[in-house]
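For reference, the structure is listed below as structure tokens.
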Amino acid sequence: MAPGELTATPPQKNAVKGTEGMHRNDMSMTDPTGSVIKPPPIHGDWVLFHPVYTADELKAVKVLHHDAKTWSDKFALLFVKTLRTGFDLVSRYKHKPVPESAKHMNLDQLRKAGYIMDEKQWLLRILFLETVAGVPGMVGAMVRHLMSLRLMKRDAGWIHTLLEEAENERLHLMTFMTLKKPTIWFRAMVLGAQGVFFNAFFLSYLISPKTCHRFVGFLEEEAVITYSRVIEEIEAGRIPEWTNLDAPSIAKDYWRMKPDAKLIDVMYAVRSDESTHRFVNHTLANLDVKNDVNPFAIREPNMFVKGVNTGFTREESEKYVHESRNIVETESTKEPRSS
């Protein structure tokens with residue numbers, strides 16, 4: 001591996017092909033296994049890259065936690081736990097084990113006793129979660145975009161991935177809004193929360209981008225837990241309203257689902273997305289945010305990597321960038337030369 005493979009190219013020098021993200025002549029590539037990588041065609045309300053998962057990938061996601069070793073990591077984790085506690089109170093979230101003495105209770109009795117939530121309570125939590133989750137990627141992309149303009153230097157592919165994250169979270173919200181129309185009170189609550197969170201995250205990103213990406217990584221860990229519990233509840237028959245509910249049409253199109261896909265399939269896809277954000281942000285938090293190339297600028301690992309690991313170390317990122325550049329350069333040699 002060439003030294004400094006992960007370091008971004010100065011603006012006065014030619015960048016390695018693919019460094020700044022997907023380009024027109026990179027639209028068809030092959031990965032190390034020989035599989036063809038092709039971005040999905042543009043449909044509907046989205047234009048950016050997003051993963052489409054196989055059935056095995058959807059089941060590969062694990063609930064994981066990144067060990068907070070530095071003071072900034074511990075601060076980010078503490079802040080996430082504090083937000084989680086407050087969010088649980090606002091959304092009336094309940095998840096306590098059903099004791100043996102309550103095994104005889106029916107569904108309504110379990111809900112009244114506070115052991116499980118109904119579909120309306122779950123939707124309230126999910127909708128609020130997604131309105132907040134779409135903020136960090138957009139803020140990070142905006143800050144890096146302005147910094148690239150201000151310093152007149154390349155961004156090394158970070159903006160693309162952060163915008164993809166923001167759009168992906170927004171599509172989660174659009175999907176679940178087909179199941180419930182928010183009330184005026186809910187919209188007002190979102191407006192206030194978004195105003196506070198956007199500005200707080202914006203200022204924090206100016207001060208310490210690494211801490212912010214670690215914060216998002218920890219936040220996405222909680223999202224994976226939430227969707228894993230939703231999946232468990234649906235499969236256990238505790239949310240019968242969703243057991244055989246068809247997937248919204250926007251979800252079928254966005255994740256390229258089968259025509260007979262159900263809402264449970266959407267939950268698996270959303271959980272996989274959240275584990276992707278968990279992996280990407282923990283990886284970015286391990287990098288030199290000022291000088292390193294985004295390792296996911298032109299491709300991302302599959303869920304057998306992203307779903308079972310919290311993120312790449314800086315050394316693993318450099319190796320991944322090296323492999324990606326080799327793929328791009330190999331494909332460029334296959335392109336027919338104009339006479």
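Partners of Glu130 under the salt bridge (Lys or Arg N to Asp or Glu O under 4.0 Å) rule, at least two apart in sequence or in another chain, do not exist in this structure. Partners of Asp265 by salt bridge (Lys or Arg N to Asp or Glu O under 4.0 Å), not counting sequence neighbours: none found. Scored by the salt bridge (Lys or Arg N to Asp or Glu O under 4.0 Å) test, Glu222 finds Lys81, Arg84 as partners (sequence neighbours excluded). The side-chain contact (heavy atoms from CB on, under 4.5 Å) test applied to Val135 returns Val139, Gln194, Phe197, Phe198, not counting sequence neighbours.
Judged by distance alone, the side chain of Arg271 and the main-chain N or O of Lys59 form no donor-acceptor pair under 3.5 Å. When atom types are taken as modelled, the side chain of Asp67 and the backbone of Lys69 share no donor-acceptor pair closer than 3.5 angstrom. Distance alone, capped at 3.5 Å, places no donor-acceptor pair between the Asn309 side chain and the Gly311 backbone. Checking side-chain atoms of Trp158 against main-chain N and O of Asp292 turns up a donor-acceptor pair under 3.5 Å. Of the possible donor and acceptor atoms, one in the side chain of Lys210 sits under 3.5 Å from a partner among the backbone N and O of Ala285.
Using a 3.5 Å distance cut-off with no hydrogens or angles, the side chains of Thr161 and Asn294 do pair a donor with an acceptor. Glu221 and His282 form a side-chain donor-acceptor contact under 3.5 Å, judged by distance and modelled atom types alone. Asn281 and Glu165 are linked by a side-chain donor-acceptor pair at a separation below 3.5 angstrom, with hydrogens and angles left out of the test. Side-chain contact annotation: Asn168 with His172, donor-acceptor N/O pair under 3.5 Å present.
In this structure, Arg256 is not positioned above the aromatic face of Tyr53 in the sense of NZ or CZ being under 6.0 Å from the six-membered ring centre and within 45° of the axis.
Val230 and Leu64 fall into different hydrophobic clusters, defined by Ile, Leu, Val, Met, Phe, Trp and Tyr side-chain heavy atoms under 4.5 Å apart, directly or through other members. Cluster annotation: Leu191 and Leu83 are assigned to distinct hydrophobic clusters (Ile/Leu/Val/Met/Phe/Trp/Tyr, side-chain heavy-atom contacts under 4.5 Å, transitive).
Closest heavy-atom contact between Val52 and Glu57: O-OE1, 4.2 Å. Across every non-hydrogen atom of Met257 and Ala269, the tightest pair is CE-CB, 3.8 Å. Here the closest heavy-atom approach between residue Glu300 and residue Lys306 is recorded as OE1-NZ, 3.0 Å. Across every non-hydrogen atom of Met303 and Ser275, the tightest pair is CE-OG, 2.8 Å. Here the closest non-hydrogen pair linking Leu129 and Ala223 is CD2-CB, 4.4 Å. What you find for His50 and Tyr254 is that their closest heavy atoms are NE2-O, 2.5 Å.
Ring pair Phe312/Phe279: centre-to-centre distance below 6.0 Å. Tyr205 and His213 have their aromatic ring centers within a separation under 6.0 angstrom.
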task: Take Leu173 and Thr131, measure what side-chain contact (heavy atoms from CB on, under 4.5 Å) needs, and give me the verdict at the end.
output: CA-CA 7 Å; Leu173 177 64; Thr131 61; 3.8 Å; yes
- request: Decide side-chain hydrogen bond (donor to acceptor under 3.5 Å, both in side chains) for Arg214 and Ser72; before the verdict, give the C-alpha distance in whole Å, the side-chain angles of both, and the deciding distance to 0.1 Å.
  value: CA-CA 9 Å; Arg214 188 69 74 202; Ser72 62; over 6 Å; no
message: Assess the residue pair Glu169 and His277 against the criterion (side-chain contact (heavy atoms from CB on, under 4.5 Å)); give the C-alpha distance rounded to whole Å, side-chain angles, the decisive distance to 0.1 Å, and a yes or no.
response: CA-CA 10 Å; Glu169 297 287 11; His277 304 324; 3.1 Å; yes
task: Let me see the working for Val280 and Phe296 under side-chain contact (heavy atoms from CB on, under 4.5 Å), right down to the final yes or no.
output: CA-CA 8 Å; Val280 168; Phe296 312 115; 4.0 Å; yes
- request: Go through Asp273 and Tyr268 one step at a time and tell me if the side-chain contact (heavy atoms from CB on, under 4.5 Å) criterion holds.
  value: CA-CA 9 Å; Asp273 285 345; Tyr268 270 108; over 6 Å; no
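With a 4.5 Å cut-off on side-chain heavy atoms, Pro301 and Tyr320 count as touching. In this structure, Thr211 and Phe215 have side chains that are not in contact, with every pair of non-hydrogen atoms separated by 4.5 Å or more. Here the side chains of Pro209 and Val143 are not in contact, with every heavy-atom distance at 4.5 Å or above. Side-chain atoms of Leu124 and Phe186, non-hydrogen and from C-beta on, do get closer than 4.5 Å to each other. The closest side-chain heavy-atom distance from Leu107 to Pro240 is below 4.5 Å. Two residues are said to be in side-chain contact when any heavy atoms from C-beta on lie closer than 4.5 Å; Ser317 and Leu287 meet this criterion. Counting only heavy atoms from C-beta outward, the side chains of Glu164 and His160 approach each other to under 4.5 Å. Within the 4.5 Å cutoff, the side chain of Thr175 has no heavy atoms near those of the Val270 side chain.
Pairs passing the salt bridge (charged side-chain N to carboxylate O under 4.0 Å, His left out) check and including a residue from residues 136-152, sequence neighbours excluded, read Arg144-Asp155. For residues 178-189, the set of pairs meeting the side-chain hydrogen bond (donor to acceptor under 3.5 Å, both in side chains) definition, not counting sequence neighbours, is empty.
We find the CD1-CD1 distance between Ile231 and Ile239 to be 10.5 Å, quoted to the nearest 0.5 Å. Between the CD1 atom of Ile327 and the CD1 atom of Ile298 there is a distance of 7.0 Å, given to the nearest 0.5 Å.
Under the 4.0 Å criterion applied to side-chain N and carboxylate O atoms, Arg238 and Glu232 are not assigned as salt-bridge partners.
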